[in-house]
Amino acid sequence: MTDNKHSLWFTVFIIFLRIIFTAAVAGCVAFIFYNSAQIAEVSSEASGKFTVLLNKALSYLPIEIVLSEHIVRKLAHIAEFALLGFLFTFCLRVYTKRLIAFSAWPLLFGLFIAVCDEFLQKFVPGRSSQIRDIFIDFIVVCGGTLAAITIVLFLQFFWWLFFGRHRKKRLAEKAPQQ
């Protein structure tokens, strides 16, 4: 009875994680496309306001750092695509245990979104589409994916270290003697 109860809760937990990570990936993609669909004036105004806030926060540091609006825009773009690679890798992990075997999926998905993002920008007034940005986005997706895979492998190692390496011994002790 306990095993069925445990597996039921585990199944519900996995379904919950699948919903959360799938929604997070969809939200990240929607956020990327939303930002790309903004006309140049609106996008520049939002970036300008954020640049002022960021520079004000940076002014409290003991070293002087002043960021331009262009750098802030590029950093935001990098953050979006790193988050996309990171979230898609975790999303993939809750659907399969074979994360390494399917590690190309987040990369291909990130490349697809980068191409669609630049294609969308081609039709937005005041925005431009550049192949260089696709390559940058893809490299950043690779970094986000690598970071997520590293975290997953680290967590799996500690799970094995604390719970898994003596599993056969515990199962043998639980098994009824014949």
State whether the number of non-hydrogen atoms from other residues, nucleotides or ligands found under 6.0 Å of Tyr34 atom OH is greater than 12.
no
Under the side-chain contact (heavy atoms from CB on, under 4.5 Å) rule, what do Cys28 and Phe88 come out as? Steps first, then yes or no, please.
CA-CA 10 Å; Cys28 188; Phe88 192 81; over 6 Å; no
side-chain contact (heavy atoms from CB on, under 4.5 Å) between Val141 and Phe109, worked out:
CA-CA 9 Å; Val141 166; Phe109 182 72; over 6 Å; no
Roughly how far apart are [X] [atom1] and [Y] [atom2], rounded to 0.5 Å?
| X | Y | atom1 | atom2 | answer |
| --- | --- | --- | --- | --- |
| Phe50 | Asn55 | CZ | CG | 10.0 Å |
| Ile131 | Phe135 | CD1 | CZ | 6.5 Å |
| Ser47 | Glu69 | OG | CD | 5.0 Å |
| Ile149 | Arg93 | CD1 | CZ | 11.5 Å |
| Leu87 | Thr145 | CG | OG1 | 10.0 Å |
| Arg18 | Ile14 | CZ | CD1 | 6.5 Å |

Least distance between heavy atoms, [X] atom then [Y] atom:
| X | Y | value |
| --- | --- | --- |
| Ile32 | Phe81 | CG2-CZ, 3.9 Å |
| Ile134 | Ala114 | CG1-O, 3.9 Å |
| Ala40 | Gly126 | CB-O, 3.4 Å |
| Leu58 | Leu67 | CD1-CD1, 3.7 Å |
| Ile151 | Phe90 | CG2-CZ, 3.8 Å |
| Ile65 | Leu61 | CD1-CD1, 4.2 Å |

If hydrophobic clusters are built from ILVMFWY residues whose side chains come within less than 4.5 Å, do [X] and [Y] share one?
| X | Y | result |
| --- | --- | --- |
| Phe102 | Tyr95 | yes |
| Val140 | Ile71 | no |
| Leu111 | Leu107 | yes |
| Leu92 | Phe13 | yes |
| Phe21 | Trp105 | yes |

Check the pair His70 / Thr51 against side-chain contact (heavy atoms from CB on, under 4.5 Å), numbers first and verdict last.
CA-CA 9 Å; His70 177 75; Thr51 302; over 6 Å; no
Evaluate the side-chain contact (heavy atoms from CB on, under 4.5 Å) criterion for residues Leu155 and Trp159: first the C-alpha distance (whole Å), next the side-chain angles of each, then the deciding distance (0.1 Å), finally the verdict.
CA-CA 6 Å; Leu155 292 173; Trp159 183 266; over 6 Å; no
Does a salt bridge link Glu45 with Lys49, judged by any charged N lying under 4.0 Å from a carboxylate O?
yes
Determine whether Asp137 and Glu118 make a side-chain contact, defined as any pair of heavy atoms from C-beta on separated by less than 4.5 Å.
yes
Would you check if the side chain of [X] reaches a backbone N or O of [Y] as a donor-acceptor pair within less than 3.5 Å?
| X | Y | answer |
| --- | --- | --- |
| Arg127 | Gln38 | yes |
| Ser129 | Gln121 | no |
| Ser103 | Ile100 | yes |

Tell me whether the rings of Phe162 and Phe158 are parallel (<30°), tilted (30 to 60°) or perpendicular (>60°).
parallel
